[in-house]
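Structure record follows, encoded as structure tokens.
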Amino acid sequence: MINKKVSGADEAIRDITDGKTLMLGGFGLCGIPENCIAALVKKGVKALTCISNNAGVDDFGIGLMLKTRQVKKMISSYVGENAEFERQLLSGELEVELIPQGTLATRCMAAGYGMPAIFTPAGVGTEVAEGKETRNFNGKDYLMEYAFDADFALVKAWKGDTAGNLIFRSTSRNFNPVMAMAGKITIAEVEELVEAGELDPDHIHTPGVYVHRIFQGRDYEKRIEQRTTRPRS
Amino acid sequence: MINKKVSGADEAIRDITDGKTLMLGGFGLCGIPENCIAALVKKGVKALTCISNNAGVDDFGIGLMLKTRQVKKMISSYVGENAEFERQLLSGELEVELIPQGTLATRCMAAGYGMPAIFTPAGVGTEVAEGKETRNFNGKDYLMEYAFDADFALVKAWKGDTAGNLIFRSTSRNFNPVMAMAGKITIAEVEELVEAGELDPDHIHTPGVYVHRIFQGRDYEKRIEQRTTRPRS
Amino acid sequence: MLDKNGIAKRIAKEIKDGYYVNLGIGIPTLVANYIPEGINVVLQSENGLLGMGPFPFQGEEDADMINAGKQTITTLPGSSIFDSAMSFGMIRSQKIDLTILGAMEVSENGDIANWKIPGKMVKGMGGAMDLVASAKNIIVAMQHINKAGESKLLPACTLPLTGVNCIRKVVTELAVLDILPEGGFRLIERAPGVSVDFIRQSTAGKLFADADVKEMELN
Amino acid sequence: MLDKNGIAKRIAKEIKDGYYVNLGIGIPTLVANYIPEGINVVLQSENGLLGMGPFPFQGEEDADMINAGKQTITTLPGSSIFDSAMSFGMIRSQKIDLTILGAMEVSENGDIANWKIPGKMVKGMGGAMDLVASAKNIIVAMQHINKAGESKLLPACTLPLTGVNCIRKVVTELAVLDILPEGGFRLIERAPGVSVDFIRQSTAGKLFADADVKEMELN
């Protein structure tokens, strides 16, 4: 097997430089690459384009990189939880491209699956369709949307092995597997890194071929956005 | 949960009638829906269009349905192991459409993912491209290939639960998950059927929403085509 | 006139045994509380879960287990987890029988606007555009009139659209209305104590209403 | 002149540390036997496996664990299993560093034919068309001349094509040849004991050969 293990976040992101395009996994604050984000903030790399379903909250997730003004452009589907984001957007400091969530996911998958473009009905007849090719199949209109072209994908998994294989836990899976497939260089941080051979080949969500670097993350905060509970009756 | 359990193969295929289009999972004889095929042979339904990577061997798999002349048309990628198939093809008794294996898989996935068409470079410049739309993206030519439209998908899994969730074992996974997503009605036969709740939600390959009927198969033969071994040294 | 729970309760009656249902954020989420006993329904959450269960007990919240509203939730026996591409794959291929979502405006030809107020609000569309473009059966849960008393059921939407010609049923604090294929709202039921005249006054889009339209039954 | 194992042995020298490799049926399968010690290579089998291991010991064959040639095989520590769509997804997105496959004919502009002889043989293309259309690095393992002594390295293929302008290297029982971007075979190495003249005679397509082209080293 090919060994993908690196020492940690700093080594993993060593060649992420100003102006690069990054995909970041996660939905809300669930399943985000916390260690990579912290390392990017520490490194101070700038003018990034970030493809991520959400933009974090004011003081966590991608929000940390917005605060330090490291992000030039966000490509997201929903950014409703971040006041600093909204401020930068309304002031024109931040470019934002909002696209449907399924389109976001499928454009990642298209990159990982070597499909240059896909068709989706999402956004037909709306401002999302402006400037895009529309095509009718079987009486229904679809937009043609292009595969993403990202320099790096930063994903977070539950378990991984030195061969780069990843297993996700619960709904922290979300965008992580499709982004892992889509990066030119994919960096995976995991809660538990094991030796090749310790994961069941049938249960691997992302095969190691898609992962270029893997490291065991630390100090995971795994913040909860909406702590909803029910009383014990 | 919604209960998808039926008594067995006969009940599962009850509404497969003459002239229907079926997808059948499996690669070679690995992971084929043995019970469903036996029930179709018993029922004697005719003029079927079968979408399957292979056509079985003379006396097993889809080969059994070729022997009984139940198949009008095969859509496959490789059919090299079946003399009866070759005879029917050369005599003109059987229509055959040979398509690249990746195109076959991706046209299934397209159906399951609600994408009317996909782009693939496979077959550009060959007879596979005849009559198809070619499109250039970033300097490379692709064929546009349409999603399959199958009345039924017949798949074989290792374990399944009454909610229709499926888990596959080893390389018997192959086309089964993508065909399971693609059938208008999907019938799954499993080696072990358990109650909903007994399978780990993180390890399910095919979510139950894609499966309409599930039953515990029996008398699995699981024939090996090429029994290759190495000596114990 | 219905409160939010009343709207949710009325919508719950539209759910049939064996349905896979996607519930949007807000009022739609409340619908889960009113699904009748004996009806087997599987809730899809588009972040990647089929078989959404109730909120966890206090102390059992799991940061890795949330719904599309980012709320901590639980699974049920038979649940499955999948990635975002598969989640929207099953939405596009119409494996979800019913989608219930909120709206800021709906038009008489079935257009919907619910994601953006230019210059004021830019939260994004999330999965709403995918859902409305794909679902075969969509119910909108919304307020019939805004705080200024203006109708949100319009001849044409004024806000940026989420989807066109896709909504077939609307449930508001005042009424249940179908949107006719040829255009126009058809009044199906009145909320308790609400008159047809008041509904007519509150509907800016074309309204078709019989004088004797029945009152909702909520139990 | 090389036998099949000799061809496989020569091709194995092209494999670099860290490569993901797809091996076709026939001679390419034999390549796995000659991968040098210390070179870490992961073999992909397009039916859905990364990390193909050796054949199982007698009595340990598993009908569920086969390669693309339908042979019983094993996994290695770090293997992963996936479905056919993902398998060809990773092929199309060029995650596989090297593809080795057989051919019936190759042309001087890099076309390949290996799936059909009209009226005689109709086995199908399997995954070959996907592989040749997608891979960035393809080596063809083939016979230079057929049993009648006719060249299979042609100005243009006569059989139905598998792919166009995609092959860059060919290893035969006689030689290693590159296919030049501008067209033509360039002789890189001679098999032991084979003369440049014989290779020239055996190559119907345009051949570029220096008189002093070196002999292969196989060990």
Side-chain angles (χ1 to χ4, degrees), chain A residues 27-31 53-54 76-81 85-86 89-90 96 98-106 108-109 112 120-128 140-142 158 168-179 181 205 220-232, chain C residues 25 29 45-49 52 54-75 79 81-89 91-92 111 113 115-116 118-134 160-166:
Chain A
F27 178 86
L29 300 179
C30 180
N53 191 61
N54 309 87
S76 299
S77 93
Y78 192 83
V79 294
E81 292 94 355
F85 178 97
E86 202 155 4
L89 167 58
L90 293 172
V96 178
L98 291 171
I99 61 179
Q101 191 173 336
T103 302
L104 184 69
T106 313
C108 293
M109 189 182 75
T120 175
V124 167
T126 76
E127 64 180 56
V128 164
K140 182 166 179 159
D141 284 334
Y142 293 81
W158 178 47
F168 303 92
R169 182 173 174 276
S170 300
T171 59
S172 70
R173 191 182 316 183
N174 55 64
F175 283 85
N176 283 299
V178 288
M179 290 185 168
M181 296 190 300
H205 296 124
Y220 280 106
E221 197 173 327
K222 296 176 73 166
R223 209 184 282 188
I224 290 174
E225 270 182 89
Q226 304 283 340
R227 187 177 296 271
T228 44
T229 58
R230 67 185 146 138
R232 289 174 196 274
Chain C
I25 299 171
T29 302
S45 192
E46 67 267 24
N47 56 317
L49 170 64
M52 182 165 60
F55 295 148
F57 290 120
Q58 273 183 26
E60 295 182 2
E61 309 92 307
D62 178 350
D64 289 339
M65 183 61 81
I66 64 170
N67 65 15
K70 283 101 177 177
Q71 298 171 311
T72 45
I73 42 110
T74 59
T75 57
S79 284
I81 305 280
F82 35 87
D83 66 39
S84 299
M86 182 180 269
S87 182
F88 284 91
I91 286 168
R92 277 195 306 270
D111 296 353
W115 73 282
K116 187 181 184 181
K120 270 175 115 174
M121 193 277 283
V122 281
K123 293 190 185 307
M125 65 292 280
M129 282 193 181
D130 305 273
L131 283 160
V132 300
S134 304
L161 295 179
T162 307
V164 296
N165 194 14
C166 52

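Letters go in sequence order (proteins before strands), and every chain restarts at 1.
The backbone N or O of N174(A) sits less than 3.5 Å from a side-chain atom of S84(C), completing a donor-acceptor pair. Here the side chain of T126(A) pairs no donor or acceptor atom with the backbone of G163(C) at under 3.5 angstrom.
The two residues K70(C) and G28(A) make their nearest non-hydrogen contact at CE-CA, 3.6 Å. Taking each heavy atom of M129(C) and G123(A) in turn, the nearest pair found is SD-CA, 3.8 Å. The shortest non-hydrogen separation linking K140(A) to A133(C) is NZ-O, 2.8 Å.
By number of non-hydrogen pairs under 4.5 angstrom with chain A, the leading residue of A85(C), S79(C), G48(C), S134(C) is A85(C). The candidate with the highest count of non-hydrogen atom pairs below 4.5 Å against chain A, out of A128(C), S45(C), A68(C), is A68(C). When each of P177(A), C108(A), P100(A) is checked for heavy-atom pairs under 4.5 Å with chain C, P100(A) comes out on top. Counting heavy-atom pairs under 4.5 Å between each of V132(C), D64(C), N47(C), I81(C) and chain A puts D64(C) at the top. Ranking L104(A), N53(A), V178(A) against chain C, the residue ahead of the rest is V178(A), based on heavy-atom pairs under 4.5 Å. The choice from E86(A), R223(A), R227(A) that makes the most heavy-atom pairs within less than 4.5 Å of chain C is R227(A). Contacts with chain C were tallied for S77(A), A122(A), G125(A), A105(A); S77(A) has the most, counting heavy-atom pairs under 4.5 Å.
No side-chain heavy atom of N176(A) sits under 4.5 Å from any side-chain heavy atom of D83(C). Taking 4.5 Å as the limit, some side-chain heavy atom of I224(A) sits within range of a side-chain heavy atom of E61(C). The shortest distance between side-chain heavy atoms of K116(C) and L98(A) does not fall below 4.5 Å. Looking at Q226(A) and F55(C), their side chains never come closer than 4.5 Å, going by heavy atoms from C-beta outward. Side-chain contact between P121(A) and R92(C) is present, with heavy atoms from C-beta onward closer than 4.5 Å.
From S87(C), atom OG reaches atom CZ of F27(A) across 9.0 Å, with rounding to the nearest 0.5 Å. The CG atom of D62(C) sits 7.5 Å away from atom OG1 of T171(A), with the distance rounded to the nearest 0.5 Å. The CD atom of Q71(C) sits 11.0 Å away from atom OG1 of T229(A), with the distance rounded to the nearest 0.5 Å. Rounding to the nearest 0.5 Å gives a distance of 9.5 Å between CZ of F88(C) and OG1 of T120(A). The CG atom of D130(C) sits 5.0 Å away from the OG1 atom of T103(A) when rounded to the nearest 0.5 Å. For the atom pair S76(A) OG and M125(C) CE, the distance stands at 10.5 Å (nearest 0.5 Å).
Within the 4.5 angstrom heavy-atom criterion, only side-chain atoms of R173(A), from C-beta onward, approach chain C. Using a 4.5 Å cut-off between heavy atoms, T162(C) contacts chain A through its backbone alone, with no side-chain atom that close. In this structure, no portion of L29(A) lies under 4.5 Å from any heavy atom of chain C. For D111(C), no part sits under 4.5 Å from any heavy atom of chain A, backbone or side chain. Contacts of P231(A) with chain C are made by backbone atoms alone, with heavy-atom separations under 4.5 Å and no side-chain atom involved.
With sequence neighbours left out, V124(A) forms a side-chain contact (heavy atoms from CB on, under 4.5 Å) with D141(A), L143(A). Evaluation of the side-chain contact (heavy atoms from CB on, under 4.5 Å) rule for P118(C) yields L159(C), P160(C) as partners, not counting sequence neighbours.
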Side chain to side chain contact (heavy atoms under 4.5 Å, CB included) assessment of E225(A) paired with I66(C): CA-CA 9 Å; E225(A) 270 182 89; I66(C) 64 170; 5.8 Å; no
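Under a cut-off of 6.0 angstrom, the local environment of CD in E221(A) is crowded, with over 12 non-hydrogen atoms contributed by other residues, nucleotides or ligands.
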